[in-house]
Amino acid sequence: MPALEAILETAIYVADLKRACAFYEDIMGLRPLKKTDRLCAYGVNEKSVLLIFARGGTADGATADGDNEIPPHDATGQIHFAFQATHDAFDAWDNHLTAQGVEILSRTSWMRGGKSMYFRDPDENLVEIAASPGLWPMDGTTA
């Protein structure tokens with residue numbers, strides 16, 4: 001079986017693209033790689049990309065960089081994804097989000113030593129900040 005290296009992109013779908021992009025730029029501190037009327041793309045630590053699509057904006061497919069065809073995709077509901085942070089930055093994220101008026105729904109300590117906090121974005125997607133290592137066996141911890 002060929003090896004995979006990482007998940008490169010994570011996509012979420014939102015009702016109000018402008019509002020969602022403002023949240024991820026102003027609250028989460030992400031800087032756009034690309035912005036169009038149907039998507040905003042954000043680099044996360046030079047390792048991965050968060051794609052925010054206007055709900056329905058790609059339901060019929062799309063083209064990118066000229067004639068490159070992208071098959072249809074879309075989603076509804078409360079999607080979940082996690083940003084990874086260091087243990088040292090975890091409390092700073094908690095303080096920052098709280099100061100910005102973001103309600104932290106849950107704070108969790110995992111048996112491997114990791115920590116997570118969960119909150120909702122403006123479209124009710126469940127966003128997690130996870131302090132790692134210490135969540136999963138492959139992140140260098142054992143338990």
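FYI, side chains are in, hydrogens and waters are out, and symmetry mates aren't considered; it's all heavy atoms of this structure.
Every side-chain hydrogen bond (donor to acceptor under 3.5 Å, both in side chains) that Glu25 has, sequence neighbours left out, goes to Lys35, Tyr42.
Residues Val102 and Phe81 share a hydrophobic cluster, clusters being chains of Ile/Leu/Val/Met/Phe/Trp/Tyr side chains in contact below 4.5 Å. With hydrophobic clusters built from ILVMFWY side chains whose heavy atoms lie under 4.5 angstrom apart, Phe90 does not share a cluster with Leu126. The cluster map of Ile, Leu, Val, Met, Phe, Trp and Tyr, joined by side-chain heavy atoms under 4.5 Å apart, puts Val44 and Trp136 in different clusters. Residue Phe83 is not grouped with residue Trp110 when hydrophobic side chains (ILVMFWY) are merged at heavy-atom distances under 4.5 angstrom, including chains of intermediate members.
Note that the CD1 atom of Ile104 and the OG1 atom of Thr98 stand 5.0 Å from one another [nearest 0.5 Å]. Going from atom NE2 of His96 over to atom CG of Asp91 covers 14.5 Å, rounded to the nearest 0.5 Å. The line from CD1 of Ile70 to CG of Asp60 is 13.5 Å long, rounded to the nearest 0.5 Å. Note that NZ of Lys115 is 9.0 Å distant from CG of Asp94, once rounded to the nearest 0.5 Å.
The minimum heavy-atom distance linking Pro133 with His87 is given by the pair O-NE2, 2.6 Å. When all heavy atoms of Phe53 and Leu17 are compared, the pair lying nearest together is C-CD1, 4.3 Å. Shown here for Leu30 and Leu50, the closest heavy-atom pair between the two residues is CD1-CD2, 4.0 Å. The two atoms that bring Ala130 and Leu135 nearest to each other are CB-CD2, 3.5 Å, heavy atoms only. In terms of heavy atoms, Gly57 sits closest to Arg38 at O-CD, 3.9 Å. Residues Trp93 and Ile27 share a closest heavy-atom pair of CZ3-O, 4.0 Å.
Using a 4.5 Å cut-off on side-chain heavy atoms (C-beta onward), Met28 and Ile129 make contact. Counting heavy atoms from C-beta outward, Thr58 and Leu39 have side chains that stay 4.5 Å or more apart. Ile12 places a side-chain heavy atom less than 4.5 Å from the side chain of Tyr24. With a 4.5 Å cut-off on side-chain heavy atoms, Leu97 and Met117 count as touching.
Side-chain contact check for His80 and Tyr118: no donor-acceptor pair (N or O, by modelled atom type) lies under 3.5 Å.
Remark: side-chain polar atoms of Ser116 are not paired, donor with acceptor, to backbone N or O of Thr108 under 3.5 angstrom.
Pairs engaging residues 23-135 under the disulfide (SG to SG under 2.5 Å) rule: Cys21-Cys40 [sequence neighbours left out]. Applying the salt bridge (charged side-chain N to carboxylate O under 4.0 Å, His left out) test to pairs two or more places apart or on separate chains, those with a residue in residues 120-136 are Arg19-Asp123, Arg120-Glu124.
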